[in-house]
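Remarks on the structure that follows.
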Amino acid sequence: MEKSPQELYEEREKRFMDAVQLKVPDRVPIIPCLDFFPAIYAGITFEEAMYDYDKAYMAWKKTALDLDADMYWNSYISYPGKGLEVLGYNLLKWPGKGLKADRMYQFVEGEYMKASEYDEFLADPTDFMIRTYYPRVCSAMAGLQKLPPIHGGYWQGIFGLVGSFGDPEVQESLKALMEAGNIFAKWFEFLGDFNKELEALGYPNALGAATYAPYDIIGDTFRGTRGVMLDMYKNPEKLLAAVDMVTPWALEAGINGAKASGNPRVWIWLHKGCDGFMNDEQFKTFYWPGLKKVIMGLIEADLVPYVYIEGDYTCRLETIADVPKGKVVYHFEQVDIYKAKEILGGVACISGNVPNALLCTGTPEEVKEYCKKLIDVLGKDGGYIMDSSACIDEARPENLKAMIDFTKEYGVYS
Amino acid sequence: MQEKLKELIADLKEEEALELVKEMLSNGTDPMDVLETCRTAVEVVGKRFEEGKYFIPDLLMSGEIMENISNIVKPHISADTEEKKRGKVLIGTVEGDIHDIGKNIVTFMLEVNGFDVLDIGVDVPPEVFVEKIKEFQPQVVGLSGLLTLAFDSMKNTIEALENSGLRDKVKIMIGGSPTDEQVAKYVGADAHGKDANAAVELSRQWTEGN
């Protein structure tokens with residue numbers, strides 16, 4: 001008898017949780033993480049994916065159903081272009097704003113907080129965010145620079161604080177925030193509708209919530225790669241204090257996001273701790289302690305830290321093995337898979353590692369061969385989730401399909 | 001004092017190195033000798049990077065120290081002197097991709113190893129590669145990209161070089177996280193460099209006899 005969507009849904013969730021808990025599931029779960037692949041696959045431009053929700057809905061749904069993997073990705077990762085425009089969001093260039101229609105949006109690095117501003121940030125982070133950081137990151141919020149210190153609204157101070165909201169530039173920013181607010185609220189509603197439909201069809205959502213490693217919060221969006229790397233030499237105490245300060249923020253984002261979605265998978269997007277980006281001592285000083293606190297906090301909240309690791313992480317394996325057994329997923333882009341299994345096997349579930357270049361330029365036969373090796377090595381006795389190395393934009397559809405279908409066939413545990 | 005300075009820079013001790021440079025200049029040391037010491041110190045940094053003892057932050061930090069020393073030394077120098085370079089490399093991130101960390105590291109390592117490098121930036125369209133290659137006349141061209149979408153830009157760039165008759169005049173290497181040998185073949189490059197050291201090695205091979 002054919003299984004109902006509800007049964008399929010539960011079966012897929014169990015398959016995932018078995019892999020996480022290092023039990024042997026019925027077969028290797030397959031959860032391909034997607035960027036803009038659905039747009040390419042369904043024949044819409046990236047610009048359309050960011051601006052036309054109906055087209056995005058169609059593209060992402062068609063992809064999820066055609067791929068028929070264990071979990072789906074919605075178009076969250078494509079972001080609402082109009083909302084970014086109204087905000088004047090400076091952290092990205094995207095198709096329709098600085099890039100051609102068929103290009104993936106890209107991150108614009110900068111020193112959005114200068115080294116000389118650490119003290120201000122550490123002393124009153126929320127005030128710094130509202131009056132200095134947001135105006136830099138979002139052009140539309142530039143007016144907020146004209147506000148007096150936000151903490152000054154006690155007793156008669158409230159008159160001056162409120163009075164500053166009469167400033168035309170402040171009001172411009174508030175209007176823009178209301179407009180962007182409507183756009184983002186609608187966008188979340190659209191994603192919610194999509195999730196409901198896909199879940200009713202029997203597919204769980206791969207992404208429950210997202211957060212970052214504390215060091216990356218400072219490095220990615222405040223100080224930039226160069227800034228944060230130099231801080232390790234020139235301002236180590238301040239950098240550490242900032243990392244400590246944002247650690248509870250990172251945990252809070254994961255827990256609140258998962259509560260809102262009712263989905264335990266909290267993806268932690270790692271960027272700047274990979275091999276080559278710092279030495280081992282720096283990793284153990286600046287990177288891992290904060291990340292570990294986030295991982296442990298999520299576990300305590302009964303959530304699953306889904307640690308998505310960019311770059312090579314072979315040198316970090318021993319350090320990141322220091323987590324409770326059967327609670328964490330480590331998703332690797334590049335790693336020595338034999339060492340990964342040897343060090344993390346019996347500790348954490350491993351995912352990823354099918355090269356995106358192979359999916360782009362290889363043949364289905366080559367993809368199957370690679371997946372076979374992954375299942376034989378990483379999937380031995382469970383503890384592996386099949387996935388690409390990095391979220392997928394371009395890939396030959398037949399290659400992606402081969403990765404999925406082959407896993408369903410060859411990845412069965414008997 | 002030259003040895004001491006070399007050591008301080010190689011060990012990334014910025015404040016002490018800057019102090020020493022000031023002291024040396026006020027004692028009448030030839031500013032060109034200071035710069036020469038810096039060059040040998042950066043060679044040590046490059047070597048430690050090749051050996052896996054130093055990583056990207058160390059390269060950036062040594063660059064930062066060099067820049068600050070140059071700022072102190074420059075007012076003391078009358079004219080620039082030419083030095084013999086090992087060969088010319090033109091490097092850029094291909095169209096549609098604005099990632100630059102990897103490209104910058106390769107540029108740094110090539111310069112440390114005596115190459116004359118022209119870095120033409122990020123999101124560089126094929127026609128700009130063609131134009132700059134005509135002007136600069138490098139022996140080696142490096143195409144960088146961190147996105148899988150960059151593969152087709154690399155391909156288009158190399159096609160543009162073919163169409164303008166430049167393809168046979170240069171060796172082309174590609175690099176960036178998602179690239180590999182198979183991608184090099186796909187885009188029509190001569191080789192793939194897995195990291196900055198590989199890029200230096202390829203450039204060396206291709207410019208030997210210069």
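Any value given below was found using the heavy atoms of this structure, including those in side chains, with hydrogens, waters and symmetry copies removed. A note on names: the letters A, B, ... follow the listed sequences, proteins ahead of strands, and every chain is numbered from 1.
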Problem - Largest heavy-atom contact set with chain B, pairs under 4.5 Å, which of A:D275, A:I392, A:N279 - result: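 Highest number of heavy-atom pairs under 4.5 Å: A:N279.
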
Exercise for the section: Find the one option among A:G276, A:C315, A:G98 whose heavy-atom pairs under 4.5 Å with chain B are most numerous. Expected result: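 Option with the top pair count is A:G276.
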
Should the heavy atoms of other residues, nucleotides or ligands under 6.0 Å from [atom1] of [X] be counted, would the total exceed 12?
| X | atom1 | result |
| --- | --- | --- |
| B:E3 | CD | no |
| A:E318 | CD | no |
| B:Q205 | CD | yes |
| B:E127 | CD | yes |
| A:E281 | CD | no |
| B:K132 | NZ | no |

Between [X] and chain B, with a heavy-atom cut-off of 4.5 Å, which part of the residue counts as in contact: side chain, backbone, both or neither?
| X | result |
| --- | --- |
| A:D102 | backbone |
| A:F107 | backbone |
| A:Y105 | neither |
| A:E310 | neither |
| A:M104 | both |

Chain A contact via [X] - side chain, backbone, both or neither, heavy atoms under 4.5 Å:
| X | result |
| --- | --- |
| B:L147 | side chain |
| B:L149 | both |
| B:D97 | both |

Problem - Min side-chain heavy-atom separation A:E366-B:Q182 under 4.5 Å - result: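 Contact flag for A:E366/B:Q182 side chains = yes.
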
Practice task
Please tell me if the side chains of B:F151 and A:N356 come closer than 4.5 Å, counting only heavy atoms from C-beta onward.
Solution key: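 SC-SC contact between B:F151 and A:N356 ruled out.
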
Problem - Residues B:E95 and A:R103 bridged, charged N to O under 4.0 Å - result: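 A salt bridge is absent here (no side-chain N lies under 4.0 Å from a carboxylate O).
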
Practice task
Check the pair B:L59, A:M229 against side chain to side chain contact (heavy atoms under 4.5 Å, CB included), reporting the backbone distance first and the verdict last.
Solution key: CA-CA 10 Å; B:L59 297 187; A:M229 284 181 172; over 6 Å; no

Atom pair [atom1]/[atom2] of [X] and [Y] - distance to nearest 0.5 Å:
| X | Y | atom1 | atom2 | result |
| --- | --- | --- | --- | --- |
| B:T148 | A:L359 | OG1 | CG | 9.5 Å |
| B:H99 | A:T225 | NE2 | OG1 | 9.5 Å |
| A:E109 | B:I98 | CD | CD1 | 9.5 Å |
| B:Y186 | A:T361 | OH | OG1 | 8.0 Å |
| B:I56 | A:C274 | CD1 | SG | 7.0 Å |

Exercise for the section: Sort out for me which of B:L12, B:L60, B:D123, B:L146 touches chain A most, counting heavy-atom pairs under 4.5 Å. Expected result: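 Looking at each of B:L12, B:L60, B:D123, B:L146 in turn, B:L60 comes out on top.
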
Problem - Polar contact flag, side-chain donor to acceptor under 3.5 angstrom, A:Y233-B:D58 - result: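 There is such a pair (donor and acceptor under 3.5 Å, judged by atom type) between the side chains of A:Y233 and B:D58.
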
Practice task
Output, in order, the C-alpha distance, side-chain angles, deciding distance and verdict of side chain to side chain contact (heavy atoms under 4.5 Å, CB included) for A:M232 and B:M61.
Solution key: CA-CA 9 Å; A:M232 290 195 287; B:M61 189 58 196; over 6 Å; no

Practice task
Taking all non-hydrogen atoms of both residues into account, name the closest pair between A:A357 and B:P178 and its distance.
Solution key: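 That would be CB-O, 3.1 Å.
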
Handout entry: Main-chain N/O of B:G96 paired with A:Q106 side-chain donor or acceptor, under 3.5 Å
Key =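 It does hold such a pair.
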
